[in-house]
Enquirer: 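I have a structure I would like to understand better, so I am pasting it below and will then ask my questions one at a time.
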Amino acid sequence: APYKGPEQSRAEQSRALSSSSEGGAGETPPVELPSGFPSSLEAAQAQSAMAGVEPALVAEVWHEAMAAGGRDWRDRPIRAWAHHVRAESLRKNRPRKTGGPNGHAGVSSSAPAENPTARRIRLESQLRLLQSEAENHIVVCGAPTQEEREDYAKLWQKIRALKGELA
């Protein structure tokens with residue numbers, strides 16, 4: 001099977017090379033890099049200067065991509081180097097979800113938005129707790145002091161805010 005160029009996946013390339021009897025033993029055709037892929041590390045660093053990525057990371061990403069024949073981790077040809085480097089820096093610097101309860105590291109800026117149903121359940125639970133606290137506050141207080149009245153007012157302010165969020 002003839003070599004199709006950069007559009008061909010690495011698996012197809014290796015099958016074509018192994019089934020081909022053309023050429024000398026041990027010879028492999030040179031890897032054809034996709035257009036837009038830098039041919040040297042210096043060119044890669046120059047192209048990614050505007051992306052704001054550290055030179056050490058640019059070098060790491062370039063070497064990985066060169067080892068893969070100018071393809072990304074999904075086996076697609078890399079045609080926009082600066083875009084690829086920026087995406088890789090974001091992917092590699094993303095916080096990992098390990099270590100905490102249920103495998104989560106805690107709240108991070110890249111955490112997905114809370115499920116609306118789960119949010120509503122959480123807010124309703126908080127509202128019930130605050131309403132229970134307000135009822136207990138009324139029973140316990142015979143002649144409330146100024147401080148207790150302020151606490152009670154703050155408590156009802158929180159309750160009204162939660163009801164507003166639930167509405």
Side-chain angles (χ1 to χ4, degrees), residues 6-12 33-38 41-167:
E7 295 300 324
Q8 187 178 29
S9 75
R10 285 195 308 257
E12 291 172 335
L33 297 173
S35 63
F37 187 86
L41 179 57
E42 292 78 23
Q45 289 174 334
Q47 284 184 23
S48 55
M50 296 299 290
V53 180
E54 295 180 20
L57 185 60
V58 172
E60 178 185 340
V61 171
W62 185 79
H63 287 298
E64 287 173 1
M66 277 299 286
R71 294 176 173 275
D72 65 8
W73 62 279
R74 292 182 178 162
D75 199 27
R76 296 179 304 193
I78 300 168
R79 300 195 188 286
W81 176 251
H83 173 76
H84 174 72
V85 168
R86 180 71 179 142
E88 282 295 298
S89 74
L90 293 173
R91 189 172 74 85
K92 289 181 182 226
N93 293 327
R94 182 177 302 141
R96 302 282 183 225
K97 291 185 177 180
T98 57
N102 299 327
H104 296 288
V107 178
S108 69
S109 60
S110 63
E114 187 178 14
N115 178 340
T117 305
R119 180 178 180 275
R120 182 166 192 81
I121 291 169
R122 181 180 53 80
L123 291 175
E124 287 173 347
S125 175
Q126 288 176 350
L127 181 62
R128 281 192 300 274
L129 287 172
L130 289 174
Q131 286 173 335
S132 173
E133 187 178 334
E135 289 172 9
N136 290 338
H137 191 35
I138 293 170
V139 172
V140 174
C141 298
T145 64
Q146 180 64 28
E147 185 179 335
E148 289 174 329
R149 282 188 213 131
E150 289 172 1
D151 288 344
Y152 188 69
K154 288 179 185 176
L155 184 61
W156 273 101
Q157 187 177 9
K158 289 179 184 177
I159 290 172
R160 282 191 288 278
L162 274 175
K163 284 183 177 181
E165 282 189 61
L166 283 169

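Scope of the values below: all heavy atoms of this structure, side chains included, with no hydrogens, waters or symmetry mates.
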Enquirer: Please report the interatomic distance OG1(Thr117) to CZ(Arg122), rounded to the nearest 0.5 Å.
Expert: 12.5 Å
Enquirer: Determine the interplanar angle of the His84 and Trp81 rings, folded into 0 to 90°, and report it as parallel if under 30°, tilted if 30 to 60°, perpendicular if over 60°.
Expert: tilted
Enquirer: Quick one: CG on Leu127 to NZ on Lys158, what's the gap to the nearest 0.5 Å?
Expert: 13.0 Å
Enquirer: So Glu88 and Glu60, do their side chains get closer than 4.5 Å, heavy atoms only?
Expert: no
Enquirer: Please round to the nearest 0.5 Å and tell me the distance separating atom CZ of Arg86 and atom CG of Leu57.
Expert: 10.0 Å
Enquirer: Do Val85 and Gln47 have side chains that get closer than 4.5 Å, going by heavy atoms?
Expert: no
Enquirer: So, do Asp151 and Glu147 sit near enough that their side-chain heavy atoms are less than 4.5 Å apart?
Expert: yes
Enquirer: In this structure, which one of Leu162, Leu155, Ile159 forms a side chain to side chain contact (heavy atoms under 4.5 Å, CB included) with Gln131?
Expert: Ile159
Enquirer: Under 6.0 Å from the NE2 atom of His63, do we count more than 12 heavy atoms belonging to anything else shown?
Expert: yes
Enquirer: Under the criterion side chain to side chain contact (heavy atoms under 4.5 Å, CB included), which of Met66, Arg71, Arg79 is the partner of Phe37?
Expert: Met66
Enquirer: Going by an N to O cut-off under 4.0 Å, is there a salt bridge joining Glu150 and Lys154?
Expert: no
Enquirer: With a cut-off of 6.0 Å (strictly less than), are more than 12 heavy atoms of other residues, nucleotides or ligands near CD of Gln146?
Expert: yes
Enquirer: Going by heavy atoms in the side chains, are Leu123 and Gln126 under 4.5 Å from each other?
Expert: yes
